[in-house]
Amino acid sequence: MTNPDNSSSPSPLILVDGSSYLFRAYHVPYLQALSTSYGQPTGAITGVLNMIKSLQKDYPTGNIVVVFDAKGKTFRNDLYTEYKANRPPMPDDLRTQITPLHNIIEALGLPLLVIEGVEADDVIGTLAHQASQIGMETIISTGDKDMAQLVNPHVRLINTMTNVELDEASVLEKFGVKPNQIIDYLALMGDKVDNIPGVDKCGPKTAAKWLTEHGTLEQVIKNAENVKGKIGEHLRNALGHLPLSYELATIKLDVTLPVKVDELKASQQNTDRLIELGKQFELKRLLADAEKQATTSTTATAEQTASSNPATKETDYQCILTQQDFDKWIEKLNGADLIAFDTETTSLNYMEAEIVGVSFAVSEGEAAYVPLAHDYPDAPEQLDRNEVLAVLKPILESPKIKKVGQHLKYDKNVLANYHINLQGVAFDTMLESYVLNSVATKHDMDSLAKTYLDINTIHFEDIAGKGAKQLTFNQISLDDAAPYAAEDADITLRLHNVLAKKLAEDSQLNSVFSDIELPLSSVLARMEQFGVLIDSQQLAQQSQDLASRIINLEKEVYELAGEEFNLGSPKQLQEILYKKMDLPVLKKTPKGAPSTAEEVLQELAISYPLPKLLMEYRGLSKLKNTYTDKLPKMINMRTGRVHTSYHQAIAATGRLSSTEPNLQNIPIRTEEGRRVRQAFVARPGYKIVAADYSQIELRIMAHLSSDKGLLAAFAAGRDIHTATASEVFSTPLEDVSTEQRRNAKAINFGLIYGMSAFGLSRQLNIPRHDAQKYMDLYFERYPAVLTYMENTRALAKEKGYVSTVFGRRLYLPEINSSNGMRRKGAERAAINAPMQGTAADIIKKAMLAVDQWIIEHTEDDIKMIMQVHDELVFEIKEHKIAEYQSKIIELMENAVSLSVPLTVEAGIGENWDEAH
DNA sequence: TACACGGCTTA
DNA sequence: GTAAGCCGTGTAA
């Protein structure tokens, strides 16, 4: 963890860059989810308070001063009107946290400085400067690299979020320039975020290179004539504004402050006020600390703050090299209530991975690593892998011996290659974290340890390096490998202890974890291991056909364009289309370049010949590059099949995702695309059965809204788009035209996506007014749907999350944002998530039911091989096909019970395309 | 080698 | 208008 205070002065000055941490904390996903019961966000407050607490712990004698930016313009805006002009306004859900945070800091007794007209940086610079003059040690706690200019023998930086410390030597090491060159360095690079111009294309490396050569910005400018190449031109073009950039990057050291640096001392903590604030903002830890303080009424330094109590990490990690030690651990494992378990392997690909070692933990801090196949030069003698695995097999296969792990599906797959069938998995920390908060994008162990335990774990990159030179685990020395691997098991156990407690607080969430996600991971492991059979001959043939068609298209395009260029480059294409051929620009990309996207080309194709060829080219090259060329390469030599990975902790809504290869986006819409599906085949004697839910999300909408009309339409088994059209356009069912049905279908889909009239008008290419009319009519006919949508938005705003029918949660940190775009986006997500998420819950439950039936009632004559959100694909022995097909339909349709019937359509075929 | 971008594929 | 993954290009290092 952080270095203890090793400064020479007895009580160093600690300057906290409050604004920098406020922004950072605001963007930490798990903190974003925090809010009071009445919707006031508190994540940024909590984050900053945690930081302060951490500083108090690391520097018990330190004199902490917290500095924030004031509202309004600063002198830099006077220097340069464009300064920070690109910054979006501060989001509301952040702004509302500032005053409470200031109040809490004051109640803690910490000096708080908010000076108008300058930035927090300048206040910190001034204080550090004053402190240096009287020989006072200063530690600046900030996440802002610009502050490196303030470093000197008396001043160093510490980033309390990452625990990186910067003194003079490490500034040089990190940036390649000395602290007194940092301003020059920043001026050269400019700053996109603050809108400070620099030298075009000059990044950290170039800036450091020039400054190493010439010493200062002034000298670099003097030598500008001698810099060769494009970058030299850029430098010369920048000469005019570099002095301004230099001035903007310079932190002031002479701000007029209301107090002198040696007068800044912590005052008495106001415990009553802290309790009041703790209650008001529902900050449990702040409250607990303050109440403890009140009862013990000990001396009031500014010790007590809101913060987690970082687990004191006392550890006993063993590296096991002898039979005797191993035997002892086997005993421990047999006697343990719960084993944390992890494998170390040579690859992230579960089909290729070889086991290098295994680690265990049985209680917090008590863990062991058993190296088995480290083979670097002079690696010590290790226990025999086969013998160790043979001893472990009964333990790992026992359903009675409970295990916890991080992403155990991977370990289960790897162990399967050693003929060990991992059983007794009672918990998985990755899934626990995902169920608790699916919006936090990171569910890897390092992030979880930091988030939930405040522990910085050893990262794989720390011991293995990164990039092309990264070592595989077998090449890592036991000195590095053993603490890393043992820690993995230990941390997993500690994490589980925290996460399980949180899950237990909500029975529905707990059920999503233990009744859905955990058992599903084993089902997915089986699907992954079995894989799918692919006809690589067929795909190779297709690749050839595509190649020749692509070449012909290229020729035609070159002819029309009058020159050759790279068709795959949107940039070059845009030149040709809009500069050379002067076609009208119908739409721009988010970055402002004229778009060449499909919808634009489609429009242009009406009047010009080239766009149509381009669309065809793009479609074909996508097919070839992504599917027909790639899929055959992914066939596993050993099994002859393709093994995807289903990711269970990625999609915020609860869906699965699939990678390497992604089997959830195999083409279906076009004839050429469907030929790819035809290459997904069954073994001889087997056939493919594909079963998909019909209109599942609309059915869920009917269930959630309880709209009578919608429920009746589904109950009657009507085609829902025709039924909708009939209602909206007041046309008898049998008279609904294809056009009317198409429009109704667009409305139905739009509703699921939380669309606006604007979106619908674009989709249908009709005036906004007409789109609004359709929507009004729809809501008139299905009024409960409108009520449901309104209620969902309101509930999302109130609680900060929405739920599926089965209680899975999706947090929406931006639902109360002041940024209209973001807020509207969150509102759409709020509408969509209960439907998409419930559909995900349902098919997951169906998969569990089908898997259980397969295990209990069938032999090896049926395998579930793929899941594509609302569809399950099976490989089934021919003589069982009809029987199993109807059983699958029955299990899927009855996986859950809603107020609408669920219907499943299942087809049979030689390949996946035919089965549709 | 690593990343952002624009584009395309699916439910 | 929701949710995903992957491709080639272009760029900086």
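Order of the sequence lines fixes the chain letters, A, B, ..., with proteins taken first and strands second; residue numbering starts at 1 for each chain.
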So what does [X] touch, heavy atoms closer than 4.0 Å: a base, only the sugar-phosphate, or nothing?
X: A:N665; result: base
X: A:D692; result: nothing
X: A:E871; result: nothing
X: A:A652; result: sugar-phosphate
X: A:L760; result: base
X: A:E697; result: nothing
X: A:S621; result: nothing
X: A:L751; result: nothing
X: A:I650; result: sugar-phosphate

When the distance from [atom1] of [X] to [atom2] of [N] is rounded to whole Å, what number comes out?
X: A:F680; N: B:dT10; atom1: CZ; atom2: P; result: 13 Å
X: A:L614; N: B:dC8; atom1: CG; atom2: P; result: 10 Å
X: A:Y693; N: B:dT10; atom1: OH; atom2: C1'; result: 19 Å
X: A:K824; N: C:dT2; atom1: NZ; atom2: C1'; result: 16 Å
X: A:E660; N: C:dA4; atom1: CD; atom2: P; result: 18 Å
X: A:K587; N: B:dG7; atom1: NZ; atom2: C1'; result: 10 Å
X: A:R674; N: B:dT9; atom1: CZ; atom2: C1'; result: 14 Å
X: A:L620; N: C:dC7; atom1: CG; atom2: P; result: 18 Å

For a quick check under 3.5 Å, do [X] and [Y] share a side-chain donor-acceptor pair by atom type?
X: A:T787; Y: A:E790; answer: no
X: A:R699; Y: A:T903; answer: yes
X: A:D776; Y: A:Q772; answer: yes

Do any side-chain nitrogens or oxygens of [X] fall under 4.0 Å of OP1 or OP2 in [N]?
X: A:R655; N: C:dA3; answer: no
X: A:R828; N: C:dT2; answer: yes
X: A:T659; N: C:dG5; answer: no
X: A:T653; N: C:dA4; answer: no
X: A:S569; N: C:dG10; answer: yes

Check your understanding: Is atom CD of A:E660 surrounded by more than 12 heavy atoms (other residues, nucleotides or ligands) closer than 6.0 Å?
Key ->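 At most 12 heavy atoms, drawn from other residues, nucleotides or ligands, come within 6.0 Å of this atom.
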Of the listed nucleotides [options], the one nearest the side chain of [X]:
X: A:P590; options: C:dA13, B:dG7, B:dG6; result: B:dG6
X: A:Y753; options: B:dT9, C:dG1, C:dC7; result: C:dG1
X: A:A829; options: B:dG7, C:dG1, C:dA3; result: C:dA3
X: A:N832; options: C:dA13, C:dT2, C:dG10; result: C:dT2
X: A:P570; options: B:dG7, B:dA11, C:dG5; result: B:dG7
X: A:K622; options: B:dT10, C:dG8, C:dC6; result: C:dC6
X: A:Y627; options: C:dC6, B:dT10, B:dT9; result: B:dT9
X: A:K630; options: B:dA11, B:dG7, C:dG8; result: C:dG8

Review point. Should the pair A:R618-A:E598 be classified as a salt bridge under the 4.0 Å nitrogen-to-oxygen rule?
Key: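 Looking at A:R618 and A:E598, the cut-off is not met.
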Check your understanding: So, are A:E671 and A:R674 salt-bridged, with charged N and O less than 4.0 Å apart?
Key ->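 Looking at A:E671 and A:R674, the cut-off is met.
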Check your understanding: Between the base of C:dT2 and the side chain of A:Q836, is there any donor-acceptor pair under 3.5 Å?
Key ->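 Flag set: donor-acceptor pair detected.
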Can you check nucleotides 1-5 of chain B for protein contacts, nitrogen or oxygen pairs under 3.5 Å, and list what you find?
none

Check your understanding: Is there a side-chain contact between A:Q867 and A:Q664 (heavy atoms, below 4.5 Å)?
Key ->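 Yes, close enough: below the 4.5 Å cut-off.
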Review point. Quick one: does A:K773's side chain get under 4.5 Å of A:I766's, heavy atoms only?
Key: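 When only atoms from C-beta onward are counted, A:I766 and A:K773 do not touch, as no gap falls below 4.5 Å.
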Practice item. List the steps, then state whether side chain to side chain donor-acceptor pair (under 3.5 Å) holds for A:Q678 with A:D913. Key: CA-CA 5 Å; A:Q678 288 159 18; A:D913 182 41; 2.9 Å; yes
Check your understanding: Taking atom CG of A:L631 and atom CD1 of A:I534, what is their separation to the nearest 0.5 Å?
Key ->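 These two atoms lie 4.5 Å from each other.
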